[in-house]
Amino acid sequence: MLEVDHLVTGYGGVPVLHDVSLTLNAGEIVGLLGANNAGKTTLINSLSGMYAPMSGRIRFEGHDVTAMTPKQRVEIGIIQVPEGRLVFPDMSVRENLLLGGINARARAHRPRTMDHVLELFPRLKERLGQNAGTLSGGEQQMLAIGRALMAEAKLLMLDEPSLGLSPLFVQYIFGIIDRLHAEGLSILLIEQNLNLTLRHAQRCYVLERGKVAIEGASDVVKDDPRTRRAYLGL
Amino acid sequence: MRQEFYKTLTSPVWLVILVLAVVLPPLLPSYYLHIVILALVYVALASAWNIVGGMAGQISLAHSLFIGTGAMLSTALLLKLGVNMWLGLVISAIISGVMGAMIAWIDFRFQLGHLSFVLITMAFAEMGTVIVEGWDFLGGASGLLLPQDKGDFLAFQFGGGIGAFWVMLVLAIVSILINVAILNAPLGYYLRTIRDNENAARAIGVNILRYKIAAMVISAMLSSVIGTAYVRYLTFADPYLLVSPIIIIEVVLFATVGGLGRAYGPAFGALLLVPLGEILRGKLGGTLPGLHYFIYGVVVIAVILMSPRGLLPLFEKWFSRMRPKAATSK
């Protein structure tokens, strides 16, 4: 479904990602692991079109999307849940969710998608009229995921969904991720939490200093001694 | 979303305003009428600025450029080339819109942060001052004097005093209604997503460039038209008043004190602060030099400390406390 081919991305001419290749099959959860500064967020932001790559190709469902703007990518179903949640604090939960579905493809089905999202996150239903800024961190994460689902994501890219959450909420969020996976959604999961990601993803890539250091089925990556090393940055 | 706008249009408050507008001005001494007109000018300007500064959260200081274009260019076109001032108003508004679009594009292209945006727009405003001062066509440093206002509507004359009052009232109301319309339309929501978090806005697929340009163009053209009407009222196109940093800082101040990003906030701020400033100057200006500025400053600081989000939210809170039943949902 997603093929990233020899991607090089950088800021101001200095490459951060060197020659990264990655594939994600439809209906799969793929984990993207790595220490701080490994280039995980740069990769996800390149996939959502925030940065133009210096070289390489990105293909989605067989189409070349390398030159597409972020808006066009949202319209074909590549949706990102940005790191740190980033809800719109001065708007109500309902407004946040509705704004998730502003792209041309999703707009017409907003009421139906909204029902589905509220069924996934009953907590949001109780808080529909409340300003998003007043929600707890975990609730904001639910809202950020709910907002991405409102866009009728085909590929959902989650950037550190466990960041700053209590263990209970982390468990809950990963339960939701499993459920979305069971519904057939393709998910790219960026995480610092190694064990959690290895448990939920079928395959993983470990990034190290902007390069893919290890890739393979989660079990294989888990037992590879280099994984721990990449994490400690040795 | 649209219902809110029509509800505003059919509000009985308009009737009250109409009655006041018919009855009050002829009774007012000309000095107080002048204060009312001035307040309306700033209601219109602060509301126009609010589209960019409040809703999209982009503190633009370039608006003195648009106000100045509306004032100086339309005057120069009339005096130097004999262009009817109505046409001058349209030409100035279009040029202001183009300049606004350019500034929005620069902001987008170079991904300016909040502070850089303020500084860049300030530089544009400064550039405007330099161009007007150095170019005789626009009156140079000495400004331009418009012909006497004989009330010839076709020549953009409204007979001063009460005529100017009606023009400014209409502009102020139009400016506020555009705010209400935008806030209740998708554009208003998109602008607020850009203000709250540009990255999140991009992640949900908001076309940031398009909406930044739309906000800036609407705001710039509106400011330009108000500038043209304002200079007709003043009769003297003074570059040190109309293309100066002072006018834009006043606009930003009124909008902030009233309540940024709200449809009626900036208007509220201007309606309170313009008369306050003028009356303080009138009563105290002759006693101790600078005293009226001092008191004015203390009042503004007190307001900002009391309610950082503006006076309108504060008043709404008081009001809903008095009528607890009416304020259950927002």
Side-chain angles (χ1 to χ4, degrees), chain A residues 11-12 41 44-45 47-51 68-92 94-107 128-133 140 143-144 146-153 156-159, chain B residues 1-4 50 53-58 105 108-113 182-214 259-263 265 307-310 312-313 316-317 320 327-330:
Chain A
Y11 309 96
T41 298
I44 217 175
N45 283 343
L47 295 178
S48 61
M50 306 244 187
Y51 312 127
M68 281 191 182
T69 62
K71 179 177 189 282
Q72 289 169 322
R73 295 191 206 203
V74 168
E75 262 158 19
I76 58 170
I78 305 179
I79 315 292
Q80 176 183 13
V81 180
E83 185 181 354
R85 305 186 269 278
L86 307 187
V87 297
F88 303 118
D90 281 341
M91 295 190 212
S92 68
R94 184 197 307 277
E95 287 169 335
N96 265 275
L97 288 174
L98 285 174
L99 279 163
I102 53 168
N103 71 74
R105 197 168 40 88
R107 189 180 277 265
L128 270 179
Q130 210 169 313
N131 266 10
Q140 290 192 16
L143 180 56
R147 191 179 62 193
L149 294 175
M150 289 295 295
E152 301 204 342
L156 187 67
M157 304 192 291
L158 294 158
D159 196 349
Chain B
M1 285 186 186
R2 292 283 151 95
Q3 287 166 341
E4 202 65 32
N50 190 41
M55 295 181 205
Q58 296 190 288
W105 181 82
F108 178 82
R109 173 68 187 73
F110 297 97
Q111 303 269 318
L112 302 180
I182 292 179
L183 274 174
N184 289 299
L187 177 58
Y189 283 85
Y190 299 158
L191 292 178
R192 284 157 68 198
T193 68
I194 292 173
R195 175 191 65 193
D196 283 352
N197 200 309
E198 215 172 303
N199 282 332
R202 213 172 273 139
I204 59 168
V206 172
N207 189 337
I208 293 182
L209 176 63
R210 180 194 294 175
Y211 298 118
K212 274 188 172 173
I213 288 184
L260 279 182
R262 288 157 170 272
S307 179
R309 307 189 82 178
L312 191 61
E316 278 171 354
K317 215 166 42 185
S320 65
T328 42
S329 68
K330 188 222 144 186

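A note on names: the letters A, B, ... follow the listed sequences, proteins ahead of strands, and every chain is numbered from 1.
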Inset, instruction - Could you have a look at A/Gln72, A/Arg73, A/Met91, A/Met50 and say which one has the most heavy-atom pairs with chain B under 4.5 angstrom? - result: A/Met91
Inset, instruction - Decide side-chain contact (heavy atoms from CB on, under 4.5 Å) for B/Arg192 and A/Leu99; before the verdict, give the C-alpha distance in whole Å, the side-chain angles of both, and the deciding distance to 0.1 Å. - result: CA-CA 11 Å; B/Arg192 284 157 68 198; A/Leu99 279 163; over 6 Å; no
Inset, instruction - Please test B/Tyr189 against A/Leu98 for side-chain contact (heavy atoms from CB on, under 4.5 Å), starting from the C-alpha separation and ending with a verdict. - result: CA-CA 10 Å; B/Tyr189 283 85; A/Leu98 285 174; over 6 Å; no
Inset, instruction - Could you grab the distance from atom CG of A/Asp90 to atom CG of B/Asp196, nearest 0.5 Å is fine? - result: 5.0 Å
Legend entry - CZ (B/Arg309) with more than 12 external heavy atoms under 6.0 Å: no
Legend entry - Which atoms of A/Pro82 approach chain B - backbone, side chain, both or neither, heavy atom under 4.5 Å: side chain
Legend entry - OG1 on B/Thr193 to CG on A/Leu86, rounded to 0.5 Å: 12.0 Å
Legend entry - B/Asn207 side, atom CG; A/Glu75 side, atom CD - distance, nearest 0.5 Å: 9.0 Å
Legend entry - Minimal non-hydrogen separation, B/Gly205 against A/Lys71, with atom names: O-CG, 3.4 Å
